Structures are given as structure tokens and as C-alpha cells.
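Read the structure below first, then the notes.
In what follows, chains are A, B, ... by sequence order, proteins preceding strands, each numbered from 1. Being a predicted model, the structure only gives us computed values, none of them experimental.
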Amino acid sequence: MSRESTPLPIALPDAAWRARFRRALLRWYARAARDLPWRRSRDPYRVWVSEIMLQQTQVTTVEPYFNRFVRAFPTVKALARADESRVLRLWEGLGYYRRARQMHQAAQAIVEQHAGRFPRDRDAVRALPGIGRYTAGAILSIAFDAREPILEANTIRLFCRVLAYDGPPHASQGQALLWAMAERVLPRREVGRLNQALMELGSEVCRNRTPQCDACPVEALCEARRRGLESQIPRPKPKPVFEYRHEAAVLIRRRGCVLLIQRPEGGRWAGLWDFPRYALDAEDDTRRRAELVEHVRRQTGLTIELGSRLKTIRHGVTRYRITLECYEGRCLSGRLNRGHNRPMRWLHPAELDDYPLSTTGRKLSRLA
DNA sequence: AATACGGGGCC
DNA sequence: GGCCCAGTATT
């Protein structure tokens, strides 16, 4: 049977080139590899945890989170039987919280369907929530030396330059080319080592802004370097348009407790706890604060008296940026509105440690 | 193919 | 302030 596949935009290197490339890369990696916590063991569970945490997250950010996490949950089974709120608590500040929920769910699936042993089968791994093509390839190659390719930020940049491919790397044509390259470059054995060496080279030498071509083991094989194009490849991504908005967060106090709400399912920070927040017009201050008292009364049934403004936080969030003004409120009367669909609780400040909070919520909790 | 999903590192 | 980061799932 014949399948019509779109031809690759440019030709892939031949076998002799690939052999030279692998040899130079591995020689360099033997000398230059960083000592990272998840490289000290090939336990598939640890490899898995690291790969999930490293999705869209830099190595230096992940390191402390990884160490705490595997200490708290050393095995798949330990993770599977943990409370989700404890898992989220250890994920606090890392972002993309769906990763933590999906990893927790996947751990339970591994216990039920694979007797608690991380599966070696490609399709079984891909079937786990939160594991896509990259992460499956990374785990299978690093933990089991399966001959599986990977493609991620570092190797996209590396391959684009080596091949002098200046098309958009995330479009389907670019992805086809780069995944094909990722597969063709693999050796027969020690696949995990090679995949990690590719990422290490992309991260440490073939850097985004300032490629260190003088220190690169494959400089002589790099087509972008040969043409002097290394600083123009890959082409920068089109920037998303941000929406700017203002919100107010309120610390409402009553008898030594503060009011928390749980963020609704389906939205941002789903299921995490937070201080009540209200969208505001960025207008004059007195009117804003009067509106705020009314918002709180309508939404919670509480009558509050606002104290001083505590601080203003700017934080960048995907696709919009919030300026958050934090007010202190004292609860004068009223009770929590039962009809409101968001769960709310009065909590002692000491109890806040037991609840997974949004990042800004955690910052606010230190004021409580 | 486009979009939602976070927060911090680093210039 | 902007750009980027060991991507995945959904529409």
C-alpha cells in the first residue's frame, strides 16, 4: 500500500554525516554533561516526574521542586495514594497545574493497570494523561534505552540551525522535518544518552540568543554556521497580543480567620484556593473601593469595611496581564452565601499551609 | 491550525 | 518589559 506523504522541505543528512555528528556530540557530552538531580538514576518514575516538571519550565526552576517532590513521593505507589491537594501543594509556583493533576491520575492508572510498575510499552505510556509524543520518547529512551526520538525546545533550535531550516518550526511541515531528523539521528544503543546530549547541547551551547559556536562540537557540521545564519535561525515566534486588566483581591478577616474561595473547575488555577478577586475598571480609587464593597456583598453576602490597600502586584499570565490591588477588609455582618457556586471557607492563617493556593494567593497569604 | 494553560529566568 | 522555557490537550 502506498501512502502519499508530503515531501520534506529540505533533505536530511546522510549516514556518514549522522555518524560524525553523534560521535562529536557524545564526546562533548561525556565532558560537559551537567550533574542534574534526575540524571542520578534511571528509575522511570523519577525520569517521568522530571519530564513532566520540565515541560515549558526551565531546569533551574525545576531542580528544587523535583527534589522535594520525589522525597515526598518516592514511588508511583506513594504518589498514587497521596491526596491531590498535597500533590498540588508541592506544585505551587510551578504553573500549569494540570500537569500535577494528570500525573496524580496517571499514577493511579499505573497502579490499577500495570501493577504499579511504570509501563515499557509505547502505546501504554502514550495513553497516560499528560504524556505526549515528546515525554513518551524521553521517558522510554532515558529510562529503558528504547529507540524513540524526542523533539522539544532545545533540539528544535539545534536542528533548525544544523540544517539551516528557516521555516516556522512549529508548523506541520517544520514538525515533519524535525521529527524525521530526530529519528534519523538516533544510534542503535544508548539512545537515552544521545537524546539527553542533544538537549544539553541545545541548552548550553546552541543557545537562543547567543549561540556559543566557538565552543560547539558540531560547528563544522552546522549549515547555519557555514552560511553565517546562526543568529537568524530559528525565526522568532509571532508574539501573542496581551489583554491588560485590573483586579482587586481582598483579605476579609473575621475572628482571626480569613476568607478563601476555591477557583472554579475549567478555568485558570482550577481547584486552587485563592482570596476573593474582583475585576475592576482601572478608574479612580474612591469609586473603585465603593464598588468593591458592593461586589463583596453581592457575591458573598458579607458586609465588609475596607481598610488600607496593602499592595499592588503585577503578574504576567498567558494572554493577559493583571494588576492586582490587595485590600484589607473587616467583616461586619452577614454569612457566606450558600447559593454561590464557588466553595468558600474561613481559615486560620496557620491552616493556609494545608491548602494549595494560586501563586498570588500564596503571596497574599503571607500578609494574612 | 489555533488556543488555553503559569510562573520565573534572564537580558 | 519582552522573550523564552526538556509540551499537552482541546477545539
Side-chain angles (χ1 to χ4, degrees), chain A residues 33-34 36-39 46-66 88 91-103 105-106 125-139 141-142 148-159 168-175 178-179 182 192 195-204 206-210 234-244 263 265-272 274 313-324 356-363:
Chain A
R34 286 169 293 177
L36 299 174
W38 45 89
R39 286 190 178 154
R46 289 180 171 240
V47 175
W48 175 38
V49 171
S50 73
E51 291 302 339
I52 299 295
M53 286 187 170
L54 286 161
Q55 288 170 6
Q56 295 292 285
T57 311
Q58 298 186 55
V59 165
T60 53
T61 303
V62 166
E63 279 187 338
Y65 282 89
F66 174 84
L88 285 170
W91 209 270
E92 227 177 57
L94 213 43
Y96 288 144
Y97 299 97
R98 184 168 49 193
R99 294 181 294 178
R101 300 166 177 283
Q102 287 179 321
M103 195 165 64
Q105 291 161 10
V125 173
R126 277 301 302 271
L128 295 169
I131 298 184
R133 187 173 179 182
Y134 161 76
T135 303
I139 297 170
S141 64
I142 295 170
E148 296 285 344
I150 58 159
L151 187 67
E152 46 73 67
N154 296 306
T155 62
I156 287 171
R157 187 172 55 247
L158 174 65
F159 291 154
H170 293 281
S172 59
Q173 201 177 64
Q175 287 285 295
L178 297 166
W179 274 107
N195 278 340
Q196 292 187 82
L198 289 169
M199 293 190 278
E200 191 84 347
L201 186 64
S203 168
E204 301 301 291
C206 199
R207 303 217 301 249
N208 193 336
R209 284 292 165 208
T210 53
R235 179 192 300 192
K237 291 178 199 164
K239 54 177 180 178
V241 179
F242 283 96
E243 183 185 335
Y244 291 83
R263 308 280 310 190
E265 293 305 318
R268 201 181 303 268
W269 305 300
L272 299 187
D274 199 2
I313 302 173
R314 296 182 55 84
H315 63 119
V317 185
T318 310
R319 300 201 63 77
Y320 68 95
R321 298 191 190 284
I322 305 172
T323 301
L324 190 65
L357 268 54
S358 73
T359 294
T360 49
R362 181 59 62 190
K363 288 175 181 169

Please work out if T155(A) contacts a base, only the sugar-phosphate, or nothing of the nucleic acid, heavy-atom cut-off 4.0 Å.
nothing
Hey, does G137(A) reach any base, or is it just sugar-phosphate, or nothing, if we go heavy atoms under 4.0 Å?
nothing
Testing the 3.5 Å rule here: is there a donor-acceptor pair between the side chains of [X] and [Y]?
X       : Y       : value
T155(A) : E152(A) : yes
E51(A)  : Y134(A) : yes
R39(A)  : Q196(A) : yes
R263(A) : Y97(A)  : no

I need the I322(A) CD1 to E243(A) CD distance, nearest 0.5 Å.
9.5 Å
CZ/F66(A) to CZ/R46(A) distance, rounded to the nearest 0.5 angstrom?
5.5 Å
Contact state string [nucleotides 2-11 of chain C, B base, S sugar-phosphate only, - no protein heavy atom under 4.0 Å]
-SBBBBBS--
Determine the interatomic distance between [atom1] on [N] and the same-named atom on [M]; round to the nearest Å.
N      : M       : atom1 : value
dG7(B) : dT10(C) : C1'   : 22 Å
dA6(C) : dC10(B) : P     : 11 Å
dG9(B) : dT8(C)  : C1'   : 23 Å

Closest-nucleotide ordering on DNA chain B, the 5'-leading residue of H170(A) and G95(A)
H170(A)
Assuming nearest nucleotide by heavy-atom distance, tell me which of A171(A) and V317(A) is located more 5' along DNA chain B.
A171(A)
How would you give the extent of chain A contacts on DNA chain B, as first and last nucleotide 5' to 3' within a 4.0 Å heavy-atom cut-off?
dA1(B) to dG9(B)
